[in-house]
Amino acid sequence: MTGHALIFDSGVGGLSVTAEIRKLLPALQQTYIADDEFRPYGEKTDKQLRTRLPGLLWILCEAVRPDFVVIACNTASTSALTGIREALSIPVIGVVPAIKPAAQMSLSGRFAVLGTPGTVRRKYVDQLIADFAPDHDVILQGSTRLVALAEDKLAGRPVDIAAIKAQIAPIFEGGPVDTVVLACTHFPLLREELIRAAPDGVRFIDSGEAIARRVKTVLAEFTDLAPCEVEVDRALLLGPDAAPARRSAFQNFGFTRVVGLLPDAR
Ligand code: DGL
């Protein structure tokens with residue numbers, strides 16, 4: 001199935017989503033946009049995200065002309081999705097934290113939601129817990145440091161397991177937790193490190209595959225997809241140009257052309 005998707009995140013996090021979409025829909029053209037200048041989204045207020053994102057996505061869609069948009073970011077999806085949908089006339093797919101599958105999988109009845117500080121304090125997450133895990137003990141843990149560590153990893157910088165351990169330690173303080181929902185798209189990029197840092201047997205789950213399935217359904221609903229004029233998958237970084245290692249990270253995820261909006265000031 002062809003078609004052209006605009007994939008949006010604050011940084012490299014959405015790459016964990018594009019990887020799942022590629023597995024399911026290898027012929028789909030993808031244009032990736034990273035809002036580097038405004039990261040971390042998890043430290044921004046609802047109001048800041050709701051003010052910035054609808055207009056920004058409108059401008060980006062005018063320029064990129066995708067068939068649909070994937071907001072590959074939990075923080076943006078849980079705060080600004082309604083406004084983004086209102087601003088655009090094409091389908092917009094958001095990320096829903098994998099709370100429902102976690103509730104079904106958790107044998108101990110205690111699981112954690114690990115997201116950005118913004119995501120874990122959203123009413124939307126409280127509602128998902130009330131709807132799908134009312135009888136579970138759910139630990140909410142926010143971390144901005146993990147977002148930075150995922151960015152470091154993909155920029156070729158070493159990632160310290162002790163730093164990851166410190167970020168997730170509070171989850172395991174009050175008793176055994178068997179499942180951790182990765183409610184930030186940056187975090188699956190640290191999956192191996194998280195497994196090493198966590199107690200044995202803890203399972204980490206995310207929404208990547210579910211989003212890919214949703215993309216397939218949305219794509220199947222199109223009756224008149226125009227042929228895509230773009231020949232290669234591109235990544236546009238709304239910030240300083242990428243360091244070579246970060247550029248190759250995007251290339252390794254299939255984005256042949258990587259363009260930074262501003263000259264690299266570093
Ligand atoms: N990747 C994003 C998310 O899924 C946000 C990271 C950030 O900018 O704080 O929440």
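It should be emphasised that the depicted structure is a prediction, and the values quoted were computed from it without experimental measurement.
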Problem set entry | Side-chain touch Lys23/Glu209, heavy atoms, less than 4.5 angstrom | no

So the ring-ring contact (aromatic ring centres under 6.0 Å, His included) pairs with at least one residue in residues 10-52 (sequence neighbours excluded) are Tyr32-Phe250, Tyr32-Phe255

Looking only at heavy atoms, the pair that brings Ile171 and Arg110 closest together is O-NH2, 4.3 Å

CG (Leu238) and CZ (Arg39) are apart, to the nearest 0.5 Å, by 11.0 Å

Excluding Tyr124, membership of its hydrophobic cluster (Ile, Leu, Val, Met, Phe, Trp, Tyr; side-chain heavy atoms within less than 4.5 Å) reads Val96, Ile99, Met105, Phe111, Val113, Val120, Val125, Leu128, Ile129, Phe132, Val138, Leu140, Val181, Ile205

Correct closest heavy-atom pair for Pro97 and Asn74 would be CG-OD1, 3.7 Å

Scanning both residues in full, the closest heavy-atom pair of Gly115 with Cys184 reads CA-CB, 4.2 Å

Between Gln30 and Ile21, is any pair of side-chain heavy atoms under 4.5 Å apart? yes

Looking only at heavy atoms, the pair that brings Ala5 and Pro66 closest together is C-CB, 4.2 Å

- Query: Can you tell if the side chain of Gln251 reaches within under 4.5 Å of the side chain of Val258, non-hydrogen atoms only?
  - Reply: yes

Those residues at least two apart in sequence (or on a different chain) that pass side-chain contact (heavy atoms from CB on, under 4.5 Å) with Arg121 are Pro117

Distance col, row Leu146:CG vs Leu190:CG, nearest 0.5 angstrom, shows 6.5 Å

Ile93 with Leu28, same ILVMFWY side-chain cluster at under 4.5 Å = yes

Taking every heavy atom of Ala72 against every heavy atom of Ile7, the minimum-distance pair comes out as CB-CG2, 3.8 Å

> Is there a donor-acceptor pair closer than 3.5 Å between any side-chain N or O of Ser207 and the backbone N or O of Ala210?
Replying inline: no

Value for CD1 (Ile71) from OG (Ser79), rounded to nearest 0.5 Å, stands at 10.0 Å

Quick one, Leu24 with Val215, criterion side chain to side chain contact (heavy atoms under 4.5 Å, CB included). Give me CA distance, side-chain angles, the key distance, then yes/no. CA-CA 9 Å; Leu24 206 60; Val215 167; over 6 Å; no

Residue set satisfying salt bridge (Lys or Arg N to Asp or Glu O under 4.0 Å) with Lys44, at least two apart, ordered chain then number -> none

- prompt: Just wondering, do Phe253 and Asp233 contact through their side chains at under 4.5 Å, heavy atoms?
  reply: no

Between Gln167 and Ser143 the two heavy atoms that sit nearest each other are OE1-OG, 2.7 Å

Exercise. Applying the 4.5 Å side-chain criterion to the ILVMFWY set and letting contacts propagate, would Leu194 and Leu189 be lumped into a single cluster?
Worked result: no

Name each donor-acceptor pair under 3.5 Å that joins a side chain in residues 53-63 to protein atoms two or more places apart or in another chain, with its distance.
| from | atom 1 | to | atom 2 | distance (Å) |
| --- | --- | --- | --- | --- |
| Glu62 | OE1 | Arg65 | NH2 | 3.3 |

Here the ring-ring contact (aromatic ring centres under 6.0 Å, His included) pairs for residues 171-214, sequence neighbours left out, are none

Residue set satisfying side-chain hydrogen bond (donor to acceptor under 3.5 Å, both in side chains) with Arg213, at least two apart, ordered chain then number -> none

(Q) Count I, L, V, M, F, W, Y as connected when their side-chain heavy atoms are under 4.5 Å apart, and connections chain through other members. Are Ile195 and Leu182 then in the same cluster? (A) yes

Residues at least two apart in sequence or cross-chain that pass side-chain hydrogen bond (donor to acceptor under 3.5 Å, both in side chains) with Arg50, listed by chain then number, are none

For Ile161, the other hydrophobic cluster members (4.5 Å side-chain criterion, sorted by chain and number) are none

To the nearest 0.5 Å, atom CG of Leu6 lies from atom CD1 of Ile33 at 4.5 Å

d(Asp152 CG, Leu149 CG) to nearest 0.5 Å is 6.0 Å

message = Quick one, Arg191 and Asp206 - any side-chain contact, counting heavy atoms below 4.5 Å?
response = yes

_Other residues, nucleotides, ligands: >12 heavy atoms within 6.0 Å of Arg257 CZ_ = no

### Message
I'd like to know if the side chain of Ser106 reaches the main chain of Ala103, judged simply by a donor and an acceptor atom lying under 3.5 Å from each other, with no hydrogens or angles considered.
### Response
no

The salt bridge (Lys or Arg N to Asp or Glu O under 4.0 Å) partners of Arg52 (sequence neighbours excluded) come to Asp35

For His4, the side-chain hydrogen bond (donor to acceptor under 3.5 Å, both in side chains) test, sequence neighbours excluded, returns Thr31

From the list Ile168, Ile139, Leu114, side-chain contact (heavy atoms from CB on, under 4.5 Å) with Val180 holds only for Leu114

Sorted by chain and residue number, the side-chain hydrogen bond (donor to acceptor under 3.5 Å, both in side chains) partners of Thr116 (sequence neighbours excluded) come out as Thr75, Thr119

Next item on the list: Mind running side chain to side chain contact (heavy atoms under 4.5 Å, CB included) on Asp67 and Gln29 for me, showing each step along the way?
Entry: CA-CA 10 Å; Asp67 298 309; Gln29 198 84 49; over 6 Å; no

Value for OG1 (Thr217) from CD (Glu221), rounded to nearest 0.5 Å, stands at 7.0 Å

Should Asp36 and Arg246 count as an ion pair when the cut-off is N to O under 4.0 Å?
yes

Review point. Among the clusters formed by ILVMFWY side chains lying less than 4.5 Å apart, do Leu219 and Val17 turn up in the same one?
Key: yes

Test log, rule side chain to side chain contact (heavy atoms under 4.5 Å, CB included), inputs Thr2 and Phe222:
CA-CA 11 Å; Thr2 54; Phe222 278 93; over 6 Å; no

